[in-house]
Amino acid sequence: MDPFESIKQTFFQECDELLTDAEQGLLDMESGTADSETINAVFRAVHSVKGGAGAFGLEDLIRFAHVFETIMDELRSEKMELTNVVAKTLLRAFDVLADHVAAARDGGQVDEARSSGMLDELKALIGAEGMEDEAADPDEDFGFVPVVLDLDEPGGFVSLDLPEPEAGLPVLEIPAEPEVANGVWIIKFAPGADMYAKANEAGLVLRELARLGPTEVTLHDETLPALDLLSAEQAYFSWTIRLTTEGDEASIREVFEFVEDDCKIEISREGGAPVSLETEPAEEISDDDAKARASAEAPLDLDALLARIGAVPTVEAVAEPVPESTPAPAPAPVVLEAIAEPEPVAVVAAPPPVIEEPAQDVAALIARAQTADVPVAPAPAREKAAPAAASNTPQPAAAATIRVDLDRVDRLINAVGELVIQQAMLSQRVTESGLARSSNVALGLEDLELLTREIQDSVMAIRAQPVKSVFQRMPRLVREVADMVGKRVRLVMDGEGTEVDKTVIERLTDPITHMLRNAIDHGLETPDERTAAGKPTEGVVKLRALHRGGRIVIEVQDDGRGINRPRVRGIAIAKGLITEEAILTDEEVDNLIFLPGFSTADSISDISGRGVGMDVVRRSIQGLGGRITISSEPGKGSKFTMSLPLTLAVLDGMVVTAAEQTLVAPLSAIVESLTPRMEDVHYVGGKDAVIRIRDSFVPLIDVGVALGFRDTPIHAASGVAVLVESEAGGKAALLVEAIQGQRQVVIKSLEANYQQIDGVAAATILGDGRVALILDVDALVTAQHRRKPAARSEKRLAG
Amino acid sequence: MPAASAIKTLIVDDQQTMRSLIRTSLNALGIVNTREAADGEDALRSLVGLPVNLVITDFNMPKLDGLGLLRAIRAHPPTAKTAVIMLTGRADRELVQRAVQFGVNNYLVKPFTTQTLKEKIEAVFGPLQ
């Protein structure tokens, strides 16, 4: 493949990830949970999309992304305020951006009117002047001086004359920047009793700190005495807070403004020397070094940085002759511990830091970073400190993921499927051969079985993916549907990380889409109705995924009006689905909406309906071996719950015998099994058998006959009836000779190996090496319901 | 006149796409000795062990951005004299000026062609062989 073309594909793959990140960030911005890093991440994502688009000359995408990026830039530099209106506009703009990416990838077209309308809206947000950034002239000469390249000693002996910062440069006022972006601070906060006495509360201070950025709070309760010794007026607790913020030390101090006299506070950069509140290091440094102050740049804590990447320079590493040696005060060991161990626990475990001359230490570090082109010898103490830091620093994990072609994974899965079968066959042969269970062969086989299971589980886990890929499409859907029906909706998602087999994921989208549409269109009330009912105008729809009992459960819950049971009942009666006398529980009434032919909408709306009812949703879920139920509370809302198997590659089945054939019935379809009594079996029209099971009659299907293995049904009382429920909700009793037992089987496609056969869903290979067919319960039941002898399938398996 | 094939280069960008594009362009220029890093910290980690002649870095990256990387390279004696070319977007003149103050050796505006990349590298090292 053309390398350029292959890079382009990588770009679009990356775009998917970037867009996902951007959308999540935008959603956080909308819900007000975004911090500055979120905004920056969205900016970066859009910037990257634009950058890649530039490389491939995707002009439409560049234009749109550029305006989007400009707004994100204004937001992150706080030139523009992030309001809910802005966030909502950006979300809609994001949808257009995603369309642009898709169009560029698939060679399609975006809705030009929508795109340009959106562009105008975005431009209106910034105003004309916002778009007039000074562009960098690609060829402007900033007085760069060529470098003489010495290839023998990369990095070491390159003689390079760095331009003097002031020389030949258009002097530009550089705005003072806060400290290094996203500095990590360690704050030790120990309230005294007086603080509480003055009605200050530690919790409020902690909350206030959290506004500056993400915090990790560790409580120290070691001094808390036993209950009988506890004095209510004493202060026992202290906290260590690890704060990541763009703010500087002053902004952190500000939080403690009202309590600082009554508590002990130590603020330090992570990996830096602690600075207690009493010292004023910033001032001292500025006085000492007016030039450094003029550049007004943030200090670069190189040592901490190098420590963080696990590469504290050793003396050996500095091969170059060092022009001057200004030994910086050795950082106390406790600081190094804090550097070396990123876990907050380590900070907690460390004794209270007692650092001599902290101000000087910080000053040295900063001075060193600011006179960056003057190499400074590492302090002697580093020699000892470095190995300690290196051994304590966990190596950062290498790239945690790889991309693998799905075909390869499928091949692996298939091979493991064969392995499982082979292993089962081998076990069976060994058993048959009469070898003792304690024989070496049998024991070895047992180990092999365990190992095989483990491999199978691991391989299945490779295919398992978080449902996030499905969930992430939903916010957009919800926005669009809500717009269309004029409702205000907030989507709350939970459990996006829940993993399930990829084949299941692919087939989850439609049911979830349908249920969400249904929830917004039918479940939620209009804003006016909600106001009248005393609810907030904005409806909440929750989408949730979780694992339960070896299955994945997906819930869609709304806080709308709930199911109108009298109306559902009325419709069901009118449509002849139930009789007027039928006594149904609330739950049964709710579940009527899944019946084929039931649709509560007076006119089929193109939103939730798309011409199909909930019965179609249920059928597609049952097609995956799943079930769906609804629970509802009038006025409070409804909840749809669907549960699905975690994989479609293996199936829990009931192995049965019919017409001397071994067959497998999917366990998910089986309701119960029983031995028929002759008095319960009746013949309709003298021919088609029905069986009475607890006052209801269901067709009794002889599986051997239905599949064409034989022409005459067996005597009902001599077999076993397996009561099954089809996906459409129809019930039937499958008559077989015997039940062998329950087993997990590996599904083999029949279509891929032979051809599609009515009544058979797939095949599997049993432990004895024989092929067993997996029954298509749905087809068997439906065929029975409309059976005419002449219409029987020509594709018979036998006879 | 440095031989292109001898120039050891570290490409730093959080986007795989960009790294691939730069690498492809460099290879076309005969600069085949390249390494890649996904962000500034990653780059430093790579540099501290194995120095290079040239670092081509994006500006906007998570963890440690291009400017931070530049400053760290300049502040760390073993790498202080490594040539650094910064990649920027169109509207970043101010950024370039700041990078110049921290001793960047040149800059490259995205999107770029192989020819522009060549010109920039030659502006740093002199004509390539």
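Chain A is the first sequence line, chain B the second, and so forth, proteins listed ahead of strands; every chain is numbered from 1. Note that the coordinates shown come from a computational prediction; the quantities given were computed from them, not determined experimentally.
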Does a donor on one side chain sit under 3.5 Å from an acceptor on the other, for B/Thr17 and A/Glu14?
yes

My understanding is that only residues two or more places apart in sequence, or in another chain, count here; which of them pass ring pair (Phe, Tyr, Trp, His ring centres under 6.0 Å) with A/Phe56?
A/Phe4, A/Phe11

Can you pull the salt bridge (Lys or Arg N to Asp or Glu O under 4.0 Å) pairs that have at least one residue in residues 51-61 of chain B, sequence neighbours excluded?
B/Asp58-B/Lys110

Residues of residues 20-34 of chain B near chain A, each having a heavy atom less than 4.5 Å away:
B/Ser20, B/Leu21, B/Thr24

Any chance you could measure A/Leu18, atom CG, to B/Gln15, atom CD, to the nearest 0.5 Å?
5.5 Å

Which heavy-atom pair separates B/Met18 from A/Gly52 by the least distance, and what is that distance?
CE-N, 3.7 Å

Going by side chain to side chain contact (heavy atoms under 4.5 Å, CB included), name the residues that satisfy it together with A/Arg76, two or more places apart in sequence or in a different chain.
A/Ile39, A/Asn40, A/Phe43, A/Asp73, B/Asn60

